[in-house]
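What you see is a predicted model, and the numbers here were worked out from it, not measured in a lab.
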Amino acid sequence: MEINLISDTVTKPSTEMLQAMFQAKVGDDVFKQDPTVNAFEKMVAELFGKEAALFFPSGTMANQTAIKLNTNPGDQIICDKWSHIHLYEAGGASFNSGVNFNLLDGHRGMITAEQVRAGINDPEFYHAPLSKMVGIENTTNKGGGACYAIEELQKIKQVCSDHNLKYHLDGARLWNAIVAKKQHPKQFGALFDTISVCFSKGLGAPIGSVLVSDAETMHRALRIRKIFGGNLRQSGYLAAAGIYALKNNINRLEDDHRRAYELGQALKSLPWIETVEPAETNILIFEVKKTLNEKEVIEKLKTKGILISSMGQGKLRMVTHLDYRQVMHEYVLEALGKMSF
């Protein structure tokens, strides 16, 4: 038995999801004639209280499209130093949009309104880039699945409004935050100019993210998606997986969160563990003792059929997901308890 805790992107469609995909009515989405894609986009837009949505092959492309929509070459994005759009999108912001970053030193990937305000360049000081967009990641990946308080996001929104800044949410794991904090998508739709949400992580679809905004912005996004090579034809088969995920896989995220928390509690009691970060959602980050090689830990777990990943600098990561079942969870807890170095 192999237990993959490297990421929540490793999930495979369930039998029920595959059935929904097989039964999808499809057309050519490049001509906006795929009924399932159209229904999916409408469903997601309405969920967030937005006018329109657009289906993308990946969250990276959705984020990069939002950056292109919200900035001009030479502009600056304000975000946390651990943001996915900065660290894990292959330099796409500079390559695709010609922008740079003002990287803030937040807490577990989360920044405050005060930090944002202090990070805005004077628009009259033409030696500095023009601050144009604030990027938020919720939950935070490198921050260990941490969730923003909605009140802080509202304060940041006010700063954006005061300084004419666009406000983008990288909500790759927003579903986890919504469940953990008992929030509603419309709370986020009311705050952000653009929001990207992913379906191939916690919700278990094989591919896809959706970008939501107002109708005029999403009409412009059509052209950018085309430029980026993101147009798909009979993508209703994939959209059907997203529809199934929305209807069936959100509430069960609580199971992932509980298991990540229990893994964290188990790790805290082990003598070879240095620190364990709070497990608020489905990501658990921990550090091993300085005398221990993290690769040794990864390899020893691998011999037991348990796969985890390294975040670098002694940090290791486990991510729970819908294919990580209770029987696997009990095996991992037992295996961790018996490990020694």
Is [X] reaching over with its side chain to a backbone N or O of [Y], donor-acceptor style, under 3.5 angstrom?
X: Gln115; Y: Asp105; value: yes
X: Ser269; Y: Ala266; value: yes
X: Asn102; Y: Gly119; value: yes
X: Gln76; Y: Asn100; value: no
X: Trp175; Y: Cys198; value: yes
X: Glu137; Y: Asn141; value: yes
X: Asn282; Y: Thr320; value: yes
X: Lys201; Y: Arg173; value: no
X: Thr65; Y: Ile224; value: no
X: Asp34; Y: Gly236; value: yes

Is the shortest heavy-atom distance from the side chain of [X] to the side chain of [Y] under 4.5 Å?
X: Leu270; Y: Leu267; answer: yes
X: Ile298; Y: Ile308; answer: yes
X: Lys68; Y: Ile227; answer: no
X: Lys157; Y: Asp193; answer: yes
X: Phe40; Y: Leu246; answer: yes
X: Asn248; Y: Glu16; answer: no
X: Cys79; Y: Ile136; answer: no
X: Phe31; Y: Arg233; answer: yes

From [atom1] ([X]) to [atom2] ([Y]), nearest 0.5 Å:
X: Leu322; Y: Thr11; atom1: CG; atom2: OG1; answer: 5.0 Å
X: Ser209; Y: Asp170; atom1: OG; atom2: CG; answer: 8.5 Å
X: Phe48; Y: His184; atom1: CZ; atom2: NE2; answer: 9.5 Å
X: Ile283; Y: Asp256; atom1: CD1; atom2: CG; answer: 11.0 Å
X: Leu238; Y: Leu232; atom1: CG; atom2: CG; answer: 7.0 Å

Taking all heavy atoms of [X] and all of [Y], pick out the closest pair and write down the distance.
X: Gly229; Y: Met61; result: C-CE, 4.3 Å
X: Asn72; Y: Asp75; result: N-OD2, 2.7 Å
X: Met133; Y: Ile85; result: CE-CD1, 4.5 Å
X: Pro35; Y: Val26; result: CD-C, 3.9 Å
X: Pro206; Y: Met17; result: CD-SD, 4.1 Å
X: His163; Y: Arg117; result: NE2-CG, 4.4 Å

Salt bridge (Lys or Arg N to Asp or Glu O under 4.0 Å) for Lys315 and Glu294? Distances and angles first, verdict last. CA-CA 8 Å; Lys315 289 189 174 184; Glu294 64 186 73; over 6 Å; no
Strictly below 4.0 Å, N to O, side chains only: are [X] and [Y] in salt-bridge contact?
X: Glu296; Y: Lys300; answer: no
X: Asp29; Y: Arg225; answer: yes
X: Glu254; Y: Arg258; answer: no
X: Asp80; Y: Lys142; answer: no
X: Lys42; Y: Glu46; answer: yes

Side-chain atoms of residues 143-156: list all donor-acceptor pairs with protein atoms under 3.5 Å, sequence neighbours left out, distances to 0.1 Å.
| unit_1 | atom_1 | unit_2 | atom_2 | d |
| --- | --- | --- | --- | --- |
| Tyr148 | OH | Ile111 | N | 2.8 |
| Glu152 | OE2 | Ala113 | N | 2.8 |

Which residue pairs satisfy the ring-ring contact (aromatic ring centres under 6.0 Å, His included) criterion with at least one member in residues 95-114, sequence neighbours excluded? His86-Phe101
Report, as yes or no, whether the 6.0 Å neighbourhood of atom NE2 on His219 holds more than 12 heavy atoms from other residues, nucleotides or ligands. no
Could you walk me through whether Asn63 and His168 pass the side chain to side chain donor-acceptor pair (under 3.5 Å) check? CA-CA 8 Å; Asn63 281 335; His168 173 65; 2.9 Å; yes
